[in-house]
Amino acid sequence: MNNQKCGTLYQKPGGRTRIIQCIYVVGFMDLFGVSMIIPLLSHHVKALGASPTVAGVVGSTYGILQLFSSTIVGSWSDVVGRRYSLLTCLLLSALGYGLLGMSSSIALFVLARIPVGLFKHSLSICRALLSDLVSEAERPLVMGHFNAASSVGFILGPVVGGYLTEHEGGFYTSSFTCAVIFLANAGLVLMLPWSETLIHRKDTNSNNSNNDTSKGCHDSNCRKSVLNGSHANSHRPVSPAETEPGSRAAPHWREVSLLQPAWRQLSSVGSKIHTVASSDMWDLFLVRLLMAIAIMLYYSNFSLAMEERFSLTPKVTGYLISYSSTLGALAGFLVGPVTQLYGNNMAALLLHSTLLTCLLIFLYAAAPSVAQVLVSSTFFAISTSIGRTCITDLELQRGGVQASGTLIGAGQSVTAVGRVLAPLLSGLAQEFSPCGPPSLGVLLALAAVGLLLVRIPKWDGRGRTKKNQNAE
């Protein structure tokens, strides 16, 4: 009877679709609000009387906090659930941006950046939630659409922020508006149909899996667990049907509360992080790091290089950057069709997108005219958008959806390392030539291509090393 009762709870496709659509809106509003503030931060901290050195130190506070908190918060979302963790991140981020709107001194400015640096991981948790809700075959398409929606918000936000800044007290108005946007996102997340997010379990599951489900999935417990939106990391046997490419694994859900002992939460978080750290995923994380630095080097001195190499005005350079950003946003809609064209072979797609990115950075570095820069920027935006989705999907394939929050958070931490290293490397490379940063980016991208050529033959169809698969 328990199996039958629980089986009726897994058929809720309407609720799943509504949540996915709402998460797209959350992603759009999130980056829309943030991008209103980002261009204004350096001007505001200098207006408060900070020297360039102090402004640089204050500006790096956010990146350093993100570096250490990304993996922890992502793992915490695996432990207490997506709903609790997403609400916490949105509310504390709203608090940070509200404090930013009251920052009349450098000390208060730094204080406002702390909760944002520690808890501005709402997009990572949204991606983890989406990976919980869709199958492996659907995941690239859904992630691509989410990235596209977020990127559109990032493009439109500076327009509104710039308009508000023209008025008296514009920075404070923008900050409070951003805080209101995050509160609205929290309200939207709170109203999502969490009771309808149970994922359909295939009837072909093994008897052991069904027995595990019947033990932990009594009618009342199932409903409470889903209302909490928590995703358990149970150590149950996995049936062959769940491991087939394109099938939707049926994650367990359990009743988890934020009121459970803190030591239990910390223990679970530490265990998940240790599992990822000790796994054989160094190659994927290293590729992510190399490509993150290469892409950041491409953009690091773009405006200055356009002025020195082609005498372009900042206005024309701004149009070129906006054009590239718009294409990057639209490229999110190409991820699904391109993935289907490759037969969901994400490893091959990652290799080809990385190779194309490397070639485009080289063409930009050696461009003799603005027309060639325009061509390289066009395809660069598309290749990087596809590459980011590929690397995330391969990390989830290898690590498993049970720890998707931890994996996505770890990936963001690796990218944060790139944000710390890229400005330093860019400054050193610019000592030699305006083309120095992209030239160095070419070398790093080539290293990523070489690593993929060596490692991909050792992977199976799911991105895992064959040695580990045989050991299992």
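Both backbone and side-chain heavy atoms feed into the values below; hydrogens, waters and symmetry mates do not. None of the values given here were measured: they were computed from a predicted structure.
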**Study point:** Criterion side chain to side chain contact (heavy atoms under 4.5 Å, CB included) on Leu363 and Gln372, from CA distance to verdict
**Key:** CA-CA 7 Å; Leu363 291 177; Gln372 186 167 321; 4.0 Å; yes
For [X] and [Y], indicate whether the former's side chain and the latter's backbone hold a donor-acceptor pair under 3.5 Å.
X	Y	value
Ser413	Leu67	yes
Arg309	Ala367	yes
Ser377	Val373	yes
Asn147	Gly332	no
Ser69	Gly117	yes
Ser385	Ile382	no

Flag the pair [X] / [Y] as yes when at least one side-chain heavy-atom distance between them is below 4.5 Å, and no otherwise.
X	Y	result
Phe171	His43	no
Leu92	Leu118	no
Met296	Thr415	yes
Ser404	Arg82	yes
Leu86	Ser122	yes
Leu141	Thr339	no
Gln397	Glu136	yes
Leu297	Pro438	no

Gap separating the [atom1] atom of [X] from the [atom2] atom of [Y], nearest 0.5 angstrom:
X	Y	atom1	atom2	value
Leu129	Phe146	CG	CZ	9.5 Å
Leu330	Ile155	CG	CD1	7.5 Å
Leu130	Ile20	CG	CD1	6.5 Å
Ile23	Leu133	CD1	CG	8.0 Å
Arg139	Thr392	CZ	OG1	9.5 Å
Leu31	Ser150	CG	OG	5.0 Å

Can you name the closest pair of heavy atoms from [X] and [Y] and give their distance?
X	Y	answer
Asn185	Asp30	ND2-N, 3.6 Å
Trp76	Thr88	CH2-OG1, 3.8 Å
Gly387	Ser353	CA-OG, 3.6 Å
Ser324	Ala381	O-CB, 3.3 Å
Ile181	Met29	CG2-O, 3.3 Å
Val73	Ile125	CG1-CD1, 4.2 Å

- Task: For side-chain hydrogen bond (donor to acceptor under 3.5 Å, both in side chains), just list the numbers for Arg113 and Ser103, CA-CA rounded to whole Å, side-chain angles, deciding distance to a tenth of an Å, and then say yes or no.
- Result: CA-CA 10 Å; Arg113 298 300 284 167; Ser103 58; over 6 Å; no
How are the rings of [X] and [Y] set to each other: parallel, tilted or perpendicular (split at 30° and 60°)?
X	Y	result
Tyr299	Phe302	tilted
Tyr298	Phe380	parallel
Tyr24	His145	perpendicular

Flag if over 12 foreign heavy atoms under 6.0 Å of [atom1], [X]:
X	atom1	result
Tyr342	OH	yes
Tyr163	OH	no
Tyr364	OH	yes

- Classify the side-chain pair Gln430/Ser426 by whether it contains a donor and acceptor separated by less than 3.5 Å.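 Result is yes, a qualifying pair exists.
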*Flag for His44-Ser175: side-chain donor and acceptor within less than 3.5 Å*: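 Checked: Ser175/His44 side chains show no N/O donor-acceptor pair below 3.5 Å.
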(request) Might you work through the side chain to side chain contact (heavy atoms under 4.5 Å, CB included) test for Thr389 and Leu349, ending with a clear yes or no? (result) CA-CA 10 Å; Thr389 304; Leu349 182 54; over 6 Å; no
Sequence neighbours left out, what passes salt bridge (charged side-chain N to carboxylate O under 4.0 Å, His left out) with Arg288? Give chain and number order.
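Arg288: salt bridge (charged side-chain N to carboxylate O under 4.0 Å, His left out) contacts with Glu395.
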Check your understanding: So His121 and Ser93, side chain to side chain contact (heavy atoms under 4.5 Å, CB included) or not? Walk me through it.
Key -> CA-CA 9 Å; His121 302 293; Ser93 296; over 6 Å; no
Q: Could you walk me through whether Ile38 and Phe154 pass side chain to side chain contact (heavy atoms under 4.5 Å, CB included), step by step?
A: CA-CA 10 Å; Ile38 290 178; Phe154 193 79; 4.0 Å; yes
